[in-house]
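Everything numeric in this text was worked out from a predicted model, so none of it was measured. In what follows, chains are A, B, ... by sequence order, proteins preceding strands, each numbered from 1.
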Protein chains: 4
Amino acid sequence: MATEQSSKAEERARLQRNRILDAAQQRFIENGFHAASMANIADTAGMSAGLIYRYFENKSAIILAIVQRQLELLRDDIKLHRKVDLAAELVSHYGHACTTKGSGMNSALLLEISAEATRDPQIAAALDEFDRTLRGALAEWLAGPRENDGHGLPPALAQSRALLLQVLVEGLKIRETREPELDRALLETGLREIVPLLMKP
Amino acid sequence: MATEQSSKAEERARLQRNRILDAAQQRFIENGFHAASMANIADTAGMSAGLIYRYFENKSAIILAIVQRQLELLRDDIKLHRKVDLAAELVSHYGHACTTKGSGMNSALLLEISAEATRDPQIAAALDEFDRTLRGALAEWLAGPRENDGHGLPPALAQSRALLLQVLVEGLKIRETREPELDRALLETGLREIVPLLMKP
Amino acid sequence: MATEQSSKAEERARLQRNRILDAAQQRFIENGFHAASMANIADTAGMSAGLIYRYFENKSAIILAIVQRQLELLRDDIKLHRKVDLAAELVSHYGHACTTKGSGMNSALLLEISAEATRDPQIAAALDEFDRTLRGALAEWLAGPRENDGHGLPPALAQSRALLLQVLVEGLKIRETREPELDRALLETGLREIVPLLMKP
Amino acid sequence: MATEQSSKAEERARLQRNRILDAAQQRFIENGFHAASMANIADTAGMSAGLIYRYFENKSAIILAIVQRQLELLRDDIKLHRKVDLAAELVSHYGHACTTKGSGMNSALLLEISAEATRDPQIAAALDEFDRTLRGALAEWLAGPRENDGHGLPPALAQSRALLLQVLVEGLKIRETREPELDRALLETGLREIVPLLMKP
DNA sequence: GATGAATGAGCATTCATTCAT
DNA sequence: AATGAATGAATGCTCATTCAT
């Protein structure tokens with residue numbers, strides 16, 4: 001019973017944390033990390049500003065938590081799309097980043113996070129770890145045997161191709177914030193040419 | 001004589017504006033748009049905080065002016081590098097972005113600007129115009145006749161390739177802020193493969 | 001039975017109040033009245049913050065209760081130490097003020113209380129009443145017949161000597177907070193000279 | 001001229017600092033260090049809260065400055081009263097501590113400072129240095145040759161007597177906060193007996 | 001033109017207190 | 001009786017902006 005009670009409390013705490021993170025994310029996307037105020041976030045979350053501090057030590061902790069949550073989303077994304085037509089994926093994802101939840105990171109938020117990482121070492125560390133994981137996974141995928149949905153590239157080549165893919169994906173994220181209405185056909189034409197080349201020896 | 005006097009005054013004003021912009025840019029790169037204070041900027045510029053307001057209406061105006069100045073620099077850059085080995089250029093520029101002036105925009109500043117464009121329509125417009133110009137120039141270069149240092153691509157193809165190049169360059173800028181010490185050989189291997197492909201029919 | 005039940009409840013309430021006061025005193029000594037938070041006190045007392053409000057109307061009431069409890073302790077102390085070598089007592093007590101309970105008030109707490117009395121009339125009143133009692137007891141002791149462990153001073157003289165003793169004791173309390181490692185020999189030399197003089201006609 | 005200008009500015013800064021310190025001292029005496037808010041102090045000083053931060057880094061710096069100013073006052077006091085009838089001095093000073101300026105430290109403030117020294121090491125250090133200076137000066141006075149207004153005590157004895165005097169003075173300061181209306185005659189009787197004894201071999 | 005003192009609104013954060021459970 | 005989530009007011013502090021000099 002003690003367990004049940006405590007799990008109820010824990011569940012509530014988990015829900016509150018997420019309520020806060022959702023609100024914060026919304027404000028961060030719309031106003032940026034620094035222009036979004038705690039009062040603002042609390043308002044959006046429908047609670048008092050003071051209450052937020054029961055769940056997060058300070059504003060930085062919220063930012064960090066959002067970064068980590070977003071990175072996990074991205075990481076999950078990678079796992080799911082292993083056997084996929086990557087070019088098509090990239091095109092279809094373009095401009096579809098949900099503001100709040102769902103697969104793929106909001107691109108405005110990625111910009112905000114990247115800019116913040118320039119100054120905040122904790123965020124830089126989180127981002128760095130993510131970068132390594134992502135590139136490692138890409139390289140593994142490219143180097144893996146075809147029977148395993150891999151592409152059978154020699155390891156060294158897989159490394160440089162993984163880097164290129166990463167750069168390409170990030171470049172698309174930036175472009176997404178700047179040209180949400182970009183001509184998809186144009187993009188698809190390009191990606192359908194180039195992506196397959198990156199996966200062949 | 002009135003003209004001469006006013007042109008002297010104008011020249012002085014121009015110099016002062018640039019002095020402020022240089023200082024602001026330095027602070028923006030190191031601290032970001034919001035953490036850089038006017039007092040800070042004034043200090044770096046070696047003038048009083050109040051004086052800045054004689055040359056710029058407010059902080060936002062400074063940000064916008066910096067964006068515009070940077071975009072002009074970039075635009076000039078494009079014209080100069082037409083006949084160049086692009087892959088080599090990209091590699092050699094990587095991580096060499098000067099903190100203050102020179103060719104190519106400081107990547108931290110680009111992030112800051114891109115993030116800000118998400119919220120400030122004036123900055124978004126400036127950035128958008130620049131994006132179009134850049135992509136247009138790239139497309140023209142790719143579609144241009146070989147005698148003119150062009151690459152002779154069919155116009156439609158040139159469009160999609162220009163987009164890809166733009167995405168690639170922006171992706172590199174982000175990567176630069178995150179991995180300044182990235183293995184150049186790895187990067188060069190990749191770019192030397194892919195960039196030439198983007199320039200051939 | 002109703003009486004028994006209610007006395008059980010009263011006993012419990014008394015215990016709870018003391019538990020709270022012990023915790024509060026500890027925090028007050030370490031952090032001062034204002035820096036010690038209710039959450040802090042509740043934590044130290046091993047109970048919830050809300051529960052404290054069942055036993056005390058507010059934080060001020062706790063402070064007042066602590067003052068009163070301390071004064072009662074001191075009052076009891078006086079009765080016990082009538083026949084004593086006062087100089088030796090003062091020296092041996094110096095720096096030995098227990099953090100929590102026991103004879104003599106913690107000197108940091110005395111400071112805190114005295115400072116608070118400057119503003120809070122209730123605390124000032126409690127302290128004043130105590131001061132009068134203490135000085136009265138001292139005067140009585142000094143004026144009392146030697147057969148009763150008194151010192152046989154004429155009443156008027158006893159009054160002024162009692163005042164001096166009180167001043168001396170309070171001065172020692174302040175010094176204790178400032179120089180806990182004070183040279184005891186130095187102190188003893190001084191007190192052994194002066195205290196006996198204060199007890200002789 | 002530059003010197004004249006800068007000295008004008010410095011003079012103004014000095015005046016502002018004092019204006020702030022006077023206001024702060026008033027609030028600190030009436031409300032205590034922690035209950036006095038910056039807004040409160042600014043109000044009393046007739047300026048905006050923000051302006052205070054041009055002259056003091058933070059609230060602690062104000063407290064420290066007040067402590068140091070008060071200690072200097074006390075120190076000056078000592079120098080002036082070397083040849084004086086100390087008992088009479090102590091009596092006549094009793095209860096005359098001005099709220100704001102003048103000779104002698106406000107006793108409520110001394111309590112506040114002493115209590116704060118318990119927690120703030122910077123204040124403890126300032127107070128400690130003062131204590132040493134004061135006791136040293138007292139000992140020197142007691143040990144000095146009579147021709148120099150000294151009392152010709154042997155050095156070791158002078159030390160313990162100086163300690164006693166210090167304790168006595170501090171005790172009087174506390175008493176002053178608690179019994180501002182204390183019977184002066186009673187006090188004088190006592191001091192006139194005891195103080196001379198402390199100055200004789 | 002140039003200064004920097006001054007303001008006032010805004011920010012993150014804390015905490016005594018309340019109240020549904 | 002007991003909890004601890006929730007509130008709201010207050011606090012120390014920062015900073016873009018103004019303006020008398």
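Using the six-membered ring where Trp is involved, C/His34 and D/His34 have ring planes that are parallel, under 30° apart on the 30 and 60° scheme.
The side chain of A/Tyr55 approaches F/dA6 more closely than any other nucleotide in the set F/dA2, F/dA6, F/dC13. Of all nucleotides listed (F/dT11, E/dG4, F/dA6), F/dA6 comes nearest to the side chain of A/Ser48.
An OP1 or OP2 oxygen of E/dG1 is reached within less than 4.0 angstrom by no side-chain nitrogen or oxygen of B/Gln16. Using a 4.0 Å cut-off, no side-chain N or O of C/Tyr53 falls inside it from OP1 or OP2 of F/dA2.
Contact check on D/Glu72 versus D/Arg69 returns no salt bridge, with no Lys/Arg side-chain nitrogen under 4.0 Å from an Asp/Glu carboxylate oxygen. Salt bridge A/Glu11/A/Arg14: present, at least one basic N to carboxylate O contact under 4.0 Å.
Taking a pair to require two hydrogen-bonding distances under 3.5 Å in either a Watson-Crick or a G-U wobble arrangement, F/dT21 pairs with E/dA2. Pair assignment for F/dT11: E/dA12, on the basis of Watson-Crick or G-U wobble contacts that are both within less than 3.5 Å.
When the nearest nucleotides of DNA chain F are assigned to D/Ala35 and A/Arg12 by heavy-atom distance, the more 5′-ward of the two goes with A/Arg12. Along DNA chain E, the nucleotide closest to B/Ala49 and the one closest to A/Ala49 are compared, and the more 5′ of them pairs with B/Ala49. Toward the 5′ end of DNA chain E lies the nearest nucleotide of B/Gly46, the other residue of the pair C/Lys59 and B/Gly46 mapping further downstream. Comparing A/Arg54 and B/Glu57 by the nucleotide of DNA chain F whose heavy atom lies nearest to each, the residue mapping closer to the 5' end is A/Arg54.
Atom CD1 of D/Ile20 is separated from atom C1' of E/dA6 by 12 Å (rounded to the nearest Å).
Taking CD of B/Glu116 as the start and CG of B/Leu127 as the end, the distance is 11.5 Å to the nearest 0.5 Å.
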